[in-house]
Visitor: 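Right, I'll just put the structure down here and ask away after.
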Amino acid sequence: MATQEETFKKIVAHCKEYGFVFPSSEIYDGLGAVYDYGQNGVELKNNIKRYWWDSMTLLNENIVGIDAAIFMHPTTWKASGHVDAFNDPLIDNKDSKKRYRADVLIEDQLAKYDEKIEKECAKARKRFGDSFDEQMFKQTNGRVLEYVTKRDALHERFAQAMNDSNLEELKQIIIDEEIVCPISGTRNWTDVRQFNLMFSTEMGSTADGAMKIYLRPETAQGIFVNFLNVQKTGRMKIPFGIAQIGKAFRNEIVARQFVFRMREFEQMEMQFFVRPGEELKWFDHWKQFRLRWHKALGLGDEKYRFHDHDKLAHYANAATDIEFQMPFGFKEVEGIHSRTNFDLSSHAKHSGKKIEYFDPEINQSYTPYVIETSIGVDRMFLSVMCSAYEEQALDGGDTRVVLHLPPVLAPVKACVMPLVKKDGLPEKAREIMDMLKFDFKMAYDEKDSIGKRYRRQDAVGTPFCITVDHDTLNDGCVTVRFRDTMTQERVKIAELHELIRKATDPKELYKQIVNA
RNA sequence: GCGGUAUUAGCACAUCGGUAGUGCAUCGGCUUCCCAAGCCGAGGAGGUGGGUUCGAUUCCCAUAUACCGCUCCA
């Protein structure tokens with residue numbers, strides 16, 4: 001594991017050194033957990049996004065895209081549950097240095113009362129045997145009644161405090177209930193603090209007329225609030241999906257592991273609307289479709305696994321993650337959730353608008369159920385980089401650093417280089433550049449020895465190097481050098497276009513996804 | 001947000017209470033070459049802000065950032 005951590009550090013360093021990812025505002029010492037993509041990173045990222053977008057909107061004729069604004073009406077986040085659920089009251093124990101959610105500590109205390117009550121019942125059940133009447137016992141036994149009273153009182157006080165977001169009261173409850181830290185066993189608590197995971201800002205130019213609005217913590221809600229717009233104007237018939245790529249923002253308490261958890265990140269989400277009762281069938285369909293999308297890239301089938309959720313979020317009735325093997329373990333890259341009709345009905349309730357679909361096949365109106373596929377662009381980027389990075393030992397004791405990027409995603413598809421910087425070779429190389437540059441992202445290099453130039457392209461993952469030598473001027477052939485094998489092949493200039501196209505055309509991958 | 005560790009050039013590292021040095025990389029030139037060859041030349045650094053001191057990159061404090069652990073994670 002130590003060497004894997006070492007590898008991860010090297011990948012981070014490599015990302016910076018070769019223009020993939022830079023810390024944000026680095027000249028001002030950076031900004032925590034915010035990163036910028038460099039000249040190579042942005043190409044790779046754009047290629048990932050294009051691969052995803054086309055696999056959704058081209059391969060599925062019932063999926064269309066939208067691009068919703070980052071700012072949304074504040075009520076959106078009440079309806080989605082983010083205002084409540086993204087506001088965790090936290091408290092630290094000063095002795096053990098552990099942090100807990102204050103509400104969880106109090107809920108545990110409630111559970112303890114329930115346990116005590118159950119214990120009393122169990123004892124009595126043993127004593128009285130078959131004649132035991134639990135209802136009667138609970139209503140009459142002194143000790144049980146005492147526990148019930150305490151529990152109900154606590155519950156009411158707790159609910160009231162949570163409802164008012166009264167942090168002092170939450171701390172007072174913890175003190176009054178003599179709740180101790182499970183680790184240190186002490187009651188030496190800090191104040192309860194609120195960590196709102198949503199970023200907020202003001203809309204409106206005058207101070208008093210301004211409205212507090214949030215930067216979206218997920219892109220999904222932009223799709224839900226546009227459900228009727230798209231369904232009606234696009235004449236969409238269920239089942240159908242809406243895809244979106246966009247930025248989202250979360251004020252993470254701890255953001256770490258490079259671009260894996262950032263405060264500003266990009267999501268690619270598709271919400272698929274289905275008839276109630278058919279959601280689990282579609283859930284399974286999308287699980288398999290999405291896994292094929294990942295595997296088609298050829299990063300290694302064994303690096304993927306599903307992680308099904310046992311504990312489901314409040315809106316879901318099935319959920320799974322696609323995890324990828326990073327240097328720091330299997331980590332979630334994509335989530336697939338069966339979100340029921342939670343979001344649409346919640347928006348209907350909060351907006352007062354009817355959000356339903358009339359299904360002509362069964363002659364009924366209903367609120368559609370939703371299957372969500374949600375993948376983090378930055379996490380996808382990281383999994384591609386991690387699996388591509390290799391320090392390769394060569395015959396002769398040399399090593400080279402090479403990025404085995406899938407050619408479809410590679411920032412630069414090919415680099416043209418004259419073997420020497422004279423004898424008309426650079427001019428010939430430029431001709432080849434001009435021939436290819438409208439179709440592919442190309443690079444040109446004539447500095448340093450040919451070997452050094454090959455290594456430079458290896459380091460940014462360019463799949464092909466095209467070398468122009470003296471023979472080229474006579475026979476119209478060039479040497480194509482392949483990144484992964486380092487082998488070379490003599491190719492006619494006229495055939496270069498097709499060679500590069502075949503290797504870098506996403507169409508080949510789409511066929512795998514559809515035909516599997 | 002807590003605790004620990006760290007921060008010197010693009011990268012890796014060194015030195016020193018009083019000229020900050022090396023390798024790789026970068027740029028220009030020579031060599032003209034199919035896997036980081038060689039030669040000549042150039043540019044580029046002490047995270048930031050204070051304090052101690054005649055003098056601080058070095059000692060002290062604060063702060064920022066990163067890493068590790070905890071906590072959190074729709």
Side-chain angles (χ1 to χ4, degrees), chain A residues 2 5-6 8-10 12-14 16-19 22-34 80-82 84-86 88-101 104 183 190-191 193-195 197 217-218 220-221 248 250-258 260-261 267 269 309 311-316 319 321 328 331-332 335 337 339 342-343 372 374 392 394-396 398-402 417-423 425 446-459 465-471 478-483 486-490:
Chain A
E5 272 167 25
E6 210 52 39
F8 185 59
K9 275 184 193 164
K10 280 181 181 165
V12 174
H14 191 86
K16 191 187 161 195
E17 195 167 353
Y18 288 91
F22 307 122
S24 161
S25 332
E26 200 185 2
I27 60 168
Y28 295 109
D29 297 325
L31 185 63
V34 185
S80 70
H82 285 84
D84 296 328
F86 256 147
D88 297 332
L90 298 175
I91 190 167
D92 292 328
N93 184 276
K94 290 178 186 167
D95 298 310
S96 62
K97 309 286 182 201
K98 303 282 178 196
R99 165 167 301 164
Y100 303 92
R101 280 176 56 174
V104 170
I183 306 289
T190 64
D191 286 339
R193 283 163 300 182
Q194 194 91 356
F195 291 86
L197 294 184
E218 64 174 23
Q221 300 305 324
R250 286 181 203 171
N251 202 357
E252 300 282 354
I253 300 169
V254 171
R256 230 180 279 178
Q257 251 132 7
F258 198 41
F260 186 78
R261 179 162 300 140
Q267 293 183 305
E269 293 198 317
H309 292 208
K311 198 181 153 194
L312 296 168
H314 59 80
Y315 54 71
D321 295 335
F328 42 95
K331 294 288 172 186
E332 176 188 348
H337 299 125
R339 292 180 78 127
F342 173 84
D343 299 279
E372 165 187 88
S374 171
Q392 201 172 49
L394 301 177
D395 302 337
D398 263 7
T399 61
R400 67 161 183 160
V401 173
V402 52
M417 38 186 83
L419 187 60
V420 296
K421 216 187 318 186
K422 59 176 188 183
D423 302 336
L425 268 48
E446 58 178 29
K447 167 88 181 153
D448 295 313
S449 74
I450 193 75
K452 196 175 238 180
R453 284 179 269 169
Y454 286 155
R455 300 297 172 84
R456 267 203 286 264
Q457 295 304 318
D458 288 342
C465 289
I466 298 164
T467 305
V468 175
D469 59 23
H470 292 94
D471 293 340
V478 290
T479 305
V480 173
R481 180 265 194 188
F482 299 90
R483 176 195 66 196
M486 294 172 72
T487 52
Q488 305 186 352
E489 198 178 300
R490 207 64 190 159

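Every value quoted in this text rests on a predicted model; they were computed, and no experiment measured them. The chains referred to below are lettered A, B, ... by the order of the sequence lines, with proteins before strands, and numbering in each begins at 1. Below, each value reflects all heavy atoms present in this structure, side chains not excepted, and no hydrogens, waters or symmetry copies.
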Visitor: Please report the distance separating the P of A66(B) from the corresponding atom of U8(B), rounded so that it comes out in whole Å.
Guide: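 Going atom to atom, P in each nucleotide, I get 15 Å.
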Visitor: Taking atom P of U65(B) as reference, at what distance in whole Å does atom CD1 of Ile27(A) sit?
Guide: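 Spelled out: CD1 on Ile27(A) to P on U65(B) is 15 Å.
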Visitor: G1(B) pairs with which nucleotide, Watson-Crick or G-U wobble, both distances below 3.5 Å?
Guide: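 Pairing partner, where one exists within any strand: C70(B).
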Visitor: Provide, to the nearest angstrom, the distance between the NZ atom belonging to Lys331(A) and the C1' atom belonging to C73(B).
Guide: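 Checked: the NZ to C1' distance equals 11 Å.
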Visitor: Please name the pair of heavy atoms, one in Arg261(A) and one in Ala33(A), separated by the smallest distance, quoted to 0.1 Å.
Guide: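 Minimum heavy-atom contact is O-CB, 4.2 Å.
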Visitor: Say you pick atom C1' in A64(B) and the same atom in G21(B); how far apart are they, in whole Å?
Guide: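 To the nearest whole Å, 28 Å.
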Visitor: Taking CG from Asn251(A) and C1' from C72(B), how many angstroms apart are they, rounded to a whole number?
Guide: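 Computing the Asn251(A):CG to C72(B):C1' distance gives 12 Å.
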Visitor: One thing to verify: whether Glu218(A) and Arg339(A) come together as a salt bridge, which I'm taking to mean a side-chain N less than 4.0 angstrom from a carboxylate O.
Guide: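 Answer for the salt bridge query: yes.
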Visitor: In whole Å, measure the gap between the C1' atoms of A42(B) and G46(B) for me.
Guide: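 A42(B) and G46(B) have their C1' atoms separated by 22 Å.
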Visitor: Would you mind building the protein contact string for nucleotides 31-41 of chain B? One character per nucleotide, 5' to 3', B for base within reach (heavy atoms under 4.0 Å), S for sugar-phosphate only, - for untouched.
Guide: -BBBBBS----
Visitor: Name the pairing partner of U32(B), where a pair is Watson-Crick or G-U wobble with both distances under 3.5 Å, or state none.
Guide: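 No nucleotide pairs with U32(B).
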Visitor: Provide the Watson-Crick or G-U wobble partner of U26(B), both distances under 3.5 Å; none if there is no partner.
Guide: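 A42(B) is the nucleotide pairing with U26(B).
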Visitor: For Lys10(A) and C11(B), what is the distance between atoms NZ and C1' respectively, to the nearest whole Å?
Guide: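 Computing the Lys10(A):NZ to C11(B):C1' distance gives 13 Å.
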Visitor: Rounding to an integer number of angstrom, what distance separates U22(B) and A45(B) when you compare their P atoms?
Guide: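 So the two P atoms sit 15 Å from each other.
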Visitor: Is any side-chain heavy atom of Glu26(A) less than 4.5 Å from a side-chain heavy atom of Lys16(A)?
Guide: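 Result yes, sub-4.5 Å side-chain heavy-atom pair found.
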Visitor: Quantified in whole Å, what is the P atom distance between nucleotide G23(B) and nucleotide C40(B)?
Guide: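 11 Å, rounded to whole Å.
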Visitor: Whole Å only: how far is the NZ atom of Lys16(A) from the P atom of A25(B)?
Guide: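 Rounded to the whole Å, the gap is 18 Å.
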Visitor: Report yes if at least one side-chain N or O of Lys447(A) is closer than 4.0 Å to OP1 or OP2 of C27(B); otherwise report no.
Guide: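 Result: no.
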Visitor: Please check if the side chain of Asp469(A) supplies one atom and the backbone of Asp471(A) the other of a donor-acceptor pair under 3.5 Å.
Guide: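 Confirmed, Asp469(A) side chain pairs with Asp471(A) backbone.
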Visitor: For residues Arg481(A) and Thr487(A), is any side-chain donor paired with an opposing acceptor at under 3.5 Å?
Guide: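 No, no side-chain donor-acceptor pair sits under 3.5 Å.
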Visitor: Quick one: look up who A6(B) pairs with, Watson-Crick or G-U, both distances under 3.5 Å, and put none if it's unpaired.
Guide: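 By the stated definition (distances under 3.5 Å), U65(B) pairs with A6(B).
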Visitor: Can you tell me how far C1' of G47(B) sits from CZ of Phe22(A), to the nearest Å?
Guide: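 Spelled out: CZ on Phe22(A) to C1' on G47(B) is 18 Å.
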Visitor: In whole angstrom, give me the gap between the P atoms of C67(B) and U31(B).
Guide: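 It comes out at 48 Å once rounded to the nearest Å.
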Visitor: Could you check how far CG of Asp343(A) sits from P of A74(B), rounded to whole Å?
Guide: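 Atom CG in Asp343(A) sits about 15 Å away from atom P in A74(B).
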Visitor: Expressed as a whole number of Å, how far does the P atom of U5(B) sit from that of C54(B)?
Guide: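 These two P atoms come out 31 Å apart once rounded.
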Visitor: When rounded to the nearest Å, what value does the distance between C1' atoms of C16(B) and G10(B) take?
Guide: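 These two C1' atoms come out 25 Å apart once rounded.
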Visitor: Rounding to a whole Å, what distance do you find between Glu218(A):CD and C73(B):P?
Guide: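 Rounded to whole Å, this separation is 16 Å.
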Visitor: If you measure from CD1 on Ile466(A) to OG1 on Thr479(A), what distance do you get to the nearest 0.5 Å?
Guide: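 Between atom CD1 of Ile466(A) and atom OG1 of Thr479(A) there are 10.5 Å.
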Visitor: To the closest 0.5 Å, what do you measure between CD (Glu372(A)) and NE2 (His337(A))?
Guide: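 Taking CD in Glu372(A) and NE2 in His337(A), the distance rounds to 6.5 Å.
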Visitor: Out of curiosity, Met417(A) CE to Lys447(A) NZ, how far, rounded to the nearest 0.5 Å?
Guide: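 Those atoms lie 14.0 Å apart.
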Visitor: Please determine, for U15(B), whether a Watson-Crick or G-U wobble partner exists with both distances under 3.5 Å, and give it or none.
Guide: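 Pairing partner, where one exists within any strand: none, as none qualifies.
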